[in-house]
There are 2 protein chains.
Amino acid sequence: MSSSADFSLGTVNTALTPQERFAEFMQARGKRITRQRQAIVDHVTTRHEHFDAEQLLADLRASAAGEGASRPTVYRTLNEMVEAGLLKKMVLDGRAVYEHDYGYPQHDHLYCTSCQRLIEFSSEELIALRNAVAATHQFRPQGHRLIISGICVDCRSKRSTSRHQDRV
Amino acid sequence: MSSSADFSLGTVNTALTPQERFAEFMQARGKRITRQRQAIVDHVTTRHEHFDAEQLLADLRASAAGEGASRPTVYRTLNEMVEAGLLKKMVLDGRAVYEHDYGYPQHDHLYCTSCQRLIEFSSEELIALRNAVAATHQFRPQGHRLIISGICVDCRSKRSTSRHQDRV
DNA sequence: ATATATGCAAACCATTTGCAATCTA
DNA sequence: TAGATTGCAAATGGTTTGCATATAT
C-alpha cells in the first residue's frame with residue numbers, strides 16, 4: 001500500500017501512511033489505538049476493493065488469529081476512518097460501500113446493475129464541468145458523486161445469466 | 001416502455017398526462033385505480049418540488065377532506081409511480097427523495113449540505129462525457145446520477161446560521 | 001489510575017410485509 | 001362476485017446506542 005502514488009489528476013500528497021494518518025487523527029482527539037481499531041485499519045489498507053461493513057466483519061473474523069472485532073466496533077471504526085479521510089463512503093442499494101480515499105486520486109464510478117460491480121474512472125472534463133455548473137449557480141462545490149449505471153462487459157456477454165436490472 | 005421517444009436532450013414526448021400514463025400502466029398489469037392511489041397521484045402531480053414519503057404522507061392527511069392514505073399505501077404507490085416512470089427516486093442522507101420524471105428533461109443536481117436544498121441543472125456535455133466514458137469501458141449506460149454537493153448562495157450569505165456541513 | 005473502548009443486547013428508522021377486512025372492475 | 005387493495009401491526013435490515021466490563025495510556 002502507501003506507494004507514493006503520483007497520478008496526474010487529483011493527486012494527493014501522501015506524506016504519511018494510512019496507519020500514520022489514522023494514528024495522528026485519533027491522537028489529536030484523545031482517542032486510543034486499540035487492538036481492534038488497529039486490526040481493522042490494517043486489514044482495510046491491505047485490500048483495495050470496495051467493501052461494506054458486513055464483508056469487513058466477516059473477513060476480519062475469518063482471517064488470521066483472533067484479530068476480530070464486534071459488529072458495533074467495526075461500524076464505529078469505519079466511521080472514524082471516514083472522518084479521518086482514509087475512506088470514502090457511498091450508499092448503494094441501501095447499504096454503505098467504502099473505498100480508499102487517502103492518497104487516491106479523485107474518481108467516479110460505473111455501476112453494473114447486474115453484478116453490482118463498481119468500475120472506477122476519472123475525468124478531468126468532469127471536474128471542469130462541475131466547477132462550471134457550480135459557478136453558474138454561485139454554488140461553492142465541495143465534492144461530487146457521479147455514478148453511471150448500466151451493464152458491464154462481462155454481464156453483456158454472459159447475458160441472461162442470473163439476476164437482471166435492479167434499481168439505480 | 002414503448003412510446004417511440006425522439007427527444008433532442010432529455011425532453012420527453014408527453015402524449016399522455018401523468019394521470020393517464022399511470023392509469024395505462026396500472027391497467028396493463030391488472031392493477032386497480034383506487035381512491036388512495038388516485039389521491040396520491042393527483043397530489044404529487046400538483047406539486048413539483050422534491051419530496052420524501054413522510055412529507056407526502058403528512059401533506060395528504062393535512063390537505064383537503066379525508067383524501068388520505070396509510071403509510072404502507074403511500075410507500076407502495078410511490079414505488080408504483082417510479083415503476084410507471086412518473087417519478088424518479090434518489091437516496092439522500094438515508095431516506096428516499098422523489099422528483100417528477102415523466103415529461104421532464106434529464107437533469108442532475110447541486111445539493112446544499114447546509115440547507116438540504118436540491119438545485120437542478122442539465123448539461124449536454126455531461127451526457128456526452130457519460131457516453132464516452134461508458135464506451136471506453138464497453139459499458140452499456142442505462143442512466144446516471146451526478147450530485148454536486150456544497151453550499152448554495154443563500155447559505156453562503158447567511159453563513160454560520162444554523163446547521164453546518166453534513167456528509168456527502 | 002482513569003478515561004476511553006469494547007461487546008452485548010436492545011433501540012432506531014425508513015421501508016416492507018403478513019393477513020383479515022374491504023373495495024374496485 | 002372474485003381478485004386486488006387497504007391498513008394495522010409486526011417484521012426487516014442496516015446501523016447506532018446504553019451500559020457494564022475490559023483496556024490503553
Side-chain angles (χ1 to χ4, degrees), chain A residues 19 22-43 50-61 65-84 87 89-98 116 166-168, chain B residues 19-20 22-43 50-61 65-84 87 89-98 116 166-167:
Chain A
Q19 273 82 345
F22 188 64
E24 177 186 72
F25 177 86
M26 297 301 265
Q27 282 165 34
R29 5 181 102 28
K31 295 191 158 199
R32 298 165 182 174
I33 300 297
T34 64
R35 195 211 86 232
Q36 17 297 70
R37 292 216 258 238
Q38 189 64 58
I40 293 174
V41 174
D42 288 346
H43 184 95
H50 299 84
F51 65 94
D52 64 29
E54 292 303 319
Q55 274 168 44
L56 173 57
L57 179 64
D59 287 0
L60 281 173
R61 295 183 166 168
E67 289 306 313
S70 68
R71 195 187 311 283
T73 295
V74 167
Y75 277 93
R76 283 189 280 238
T77 304
L78 243 17
N79 287 333
E80 294 163 341
M81 291 178 76
V82 169
E83 287 174 50
L87 296 177
K89 174 185 187 175
M90 78 187 98
V91 179
L92 245 36
D93 294 319
R95 99 273 193 215
V97 175
Y98 301 85
Q116 279 66 58
D166 299 46
R167 336 214 110 299
V168 181
Chain B
Q19 274 83 345
E20 297 175 325
F22 188 64
E24 177 186 73
F25 177 85
M26 296 301 263
Q27 282 164 33
R29 39 204 85 206
K31 294 192 160 198
R32 298 166 181 174
I33 301 295
T34 64
R35 196 209 85 232
Q36 10 309 62
R37 292 216 258 238
Q38 189 64 60
I40 294 174
V41 174
D42 288 347
H43 184 93
H50 299 85
F51 65 93
D52 65 28
E54 292 303 319
Q55 273 168 45
L56 173 57
L57 179 64
D59 287 0
L60 281 173
R61 295 185 166 166
E67 290 304 313
S70 68
R71 194 186 311 282
T73 294
V74 167
Y75 277 93
R76 282 189 282 238
T77 304
L78 241 18
N79 286 333
E80 294 163 341
M81 291 179 76
V82 169
E83 287 173 49
L87 295 177
K89 174 186 187 176
M90 79 186 95
V91 179
L92 244 38
D93 293 319
R95 99 270 191 218
V97 174
Y98 301 85
Q116 279 66 57
D166 300 47
R167 337 213 107 299

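In what follows, chains carry the letters A, B, and so on, assigned in the order in which the sequence lines appear, proteins first and then strands, with residues in each chain numbered from 1.
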Handout entry: Distance-minimising heavy-atom pair for Phe22(A) and Ala84(A)
Key = CD1-CB, 4.1 Å

Problem - Met26(B) or Pro72(B), whichever maps to the more 5' nucleotide of DNA chain D - result: Met26(B)

Practice task
Identify, between Asp52(B) and Arg71(A), the residue whose nearest nucleotide on DNA chain C lies closer to the 5' end.
Solution key: Arg71(A)

Problem - dG7(D) phosphate, OP1 or OP2, under 4.0 Å from Gln36(B) side-chain N/O - result: yes

Practice task
Spell out, as yes or no, whether a donor-acceptor pair under 3.5 Å connects the side chain of Arg35(A) to the backbone of Gly68(A).
Solution key: yes

Practice task
Could you state the atom-to-atom distance from CD of Glu54(B) to P of dC13(C) in whole Å?
Solution key: 12 Å

Problem - Pairwise side-chain contact, Arg76(B) with Thr73(B), heavy-atom cut-off 4.5 Å (strictly under) - result: yes

Problem - Minimum-distance nucleotide to Arg32(B) side chain [options: dC8(D), dG7(C), dA2(D)] - result: dA2(D)

Exercise for the section: May I have the distance from Gln38(B) (atom CD) to dA4(D) (atom C1'), rounded to whole angstrom? Expected result: 17 Å

Exercise for the section: Figure out the CD/P separation between Gln55(B) and dC13(C), and round it to whole Å. Expected result: 17 Å

Practice task
Using a 4.0 Å heavy-atom cut-off across all strands, classify Arg95(B) as base, sugar-phosphate, or nothing.
Solution key: sugar-phosphate

Problem - Any Thr34(A) side-chain N or O less than 4.0 Å from OP1/OP2 of dT4(C) - result: no

Handout entry: Under 4.0 angstrom between Ser70(B) side-chain N/O and dT6(D) OP1 or OP2
Key = no

Problem - Phosphate OP1/OP2 of dT15(D) contacted by Tyr75(A) side-chain N/O (<4.0 Å) - result: yes

Handout entry: Nucleotide dT15(C), atom C1' - distance to CZ of Arg76(B) in whole Å
Key = 11 Å

Practice task
Give the nucleotide from the list dG18(D), dT15(C), dT25(D) with an atom nearest to the side chain of Ala53(B).
Solution key: dT15(C)

Exercise for the section: Round to a whole Å and report the spacing from CD1 of Ile40(A) to P of dA5(C). Expected result: 13 Å

Handout entry: Leu57(B) CG - dC13(C) P separation (whole Å)
Key = 17 Å

Exercise for the section: Return no unless some side-chain N or O of Asn79(B) is found under 4.0 Å from OP1 or OP2 of dT16(C). Expected result: yes

Problem - Touch class at under 4.0 angstrom, heavy-atom based, for Arg37(A) against every strand present - result: sugar-phosphate

Practice task
Tell me whether the guanidinium CZ or amine NZ of Arg29(B) lies under 6.0 angstrom from the six-membered ring centre of Phe25(B) and within 45° of its axis.
Solution key: yes

Problem - Atom pair distance, as rounded to whole Å: CG in Leu78(A) and C1' in dG14(D) - result: 13 Å

Exercise for the section: Whole angstrom is fine here: how far is it from CZ in Arg35(A) over to P in dT21(D)? Expected result: 20 Å

Exercise for the section: Return yes if a side-chain donor-acceptor contact under 3.5 Å exists between Asp59(A) and Gln55(A), otherwise no. Expected result: no

